[in-house]
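Each remark here refers to the structure printed beneath this line.
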Amino acid sequence: MAILKVARLGHPVLRQQAEPVVPTDIHSAGVQQFIDDMIETMREYDGAGLAANQVHVPRQIAVIEVGKNPRYPDAPEVPLTVVINPVVTPLTDETEDGWEGCLSVPDMRGVVPRYMAVRLEYLDREGNAISLVAKDFFARVIQHETDHLNGIVYVDRIRDMRTLSHIAEWQRYWLGVREQSD
Ligand SMILES: [Zn+2]
C-alpha cells in the first residue's frame with residue numbers, strides 16, 4: 001500500500017469532472033490497489049473521506065470513514081464505505097449548517113449548508129449495486145465527497161465567507177460560540 005499525494009486547492013484536478021469507472025474494471029488489481037491506497041491515505045491524514053480527484057485521479061471513486069477522528073472529535077462514527085460511481089439524491093429540502101474541512105484545503109474550516117438526508121446509490125468495491133439512505137453527518141460527508149467528483153470544493157458552498165477560519169482561530173473563536181452540528 002502507499003500513501004498518495006493530496007492535491008491542494010488551486011490544482012486543476014480538483015475542478016475536473018471525474019470519469020465513471022467501468023463496472024468490469026472494479027475487480028482489476030489496479031482499481032483494487034488504488035482503493036487500498038486511498039483508504040491508507042485517508043487514514044494517514046485523518047480525513048473523514050477522500051475522493052479520487054484529491055489524489056490526482058479523476059475517476060468516480062471515494063472512500064469515507066469516521067472513527068475516532070482528531071479532526072472531527074464530536075462526529076458520529078461512520079464505517080468504512082467505498083463508493084464507486086455514486087449518485088446522490090436529496091430526500092428533503094431541509095438543509096443544516098455545519099463546519100467542514102478538507103484535506104485539499106489544509107488547516108481551514110468553514111460553515112457549509114448540506115441536505116440533512118440523501119439517498120446514495122453506488123457500486124461497492126465488489127461491484128455490488130448499493131442504495132442507502134444517509135442522514136446528518138454521514139449525509140454531509142457523502143455530499144462533500146461526491147461534490148469533489150463533480151469538481152466542486154466545499155469552499156464553493158460556503159454562504160457566509162466570514163466563517164472561513166484557520167483551525168487555530170476556529171478553535172479559539174468559534175468553538176463554543178457557534179453550535180457545532182458536525
Ligand atoms: Zn474534501
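Positions are given from 1 along the sequence. Counting convention: from 1, in listed order, for ligands and their atoms alike.
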Which residues pass the ring pair (Phe, Tyr, Trp, His ring centres under 6.0 Å) test with His56, not counting sequence neighbours?
His11

Start with the C-alpha gap between Asp147 and Arg114, add the side-chain angles, then the distance that decides, and say whether salt bridge (Lys or Arg N to Asp or Glu O under 4.0 Å) holds.
CA-CA 11 Å; Asp147 266 0; Arg114 295 289 187 186; 2.9 Å; yes

Applying side-chain hydrogen bond (donor to acceptor under 3.5 Å, both in side chains), can you list everything that pairs with His144, at least two apart in sequence or on another chain?
Glu100, His148

If only atom types and distance count, is the side chain of Arg109 paired as donor or acceptor with the main-chain N or O of Ile167 below 3.5 Å?
no

So what's near the Zn ion (ligand 1), protein N, O or S atoms under 2.8 Å?
Cys102 SG, His144 NE2, His148 NE2

Check: Asn85 side chain, Val21 main-chain N or O, donor-acceptor pair, under 3.5 Å
yes

Show me, pair by pair, the donor-acceptor contacts under 3.5 angstrom made by side chains of residues 1-8, not counting sequence neighbours?
none

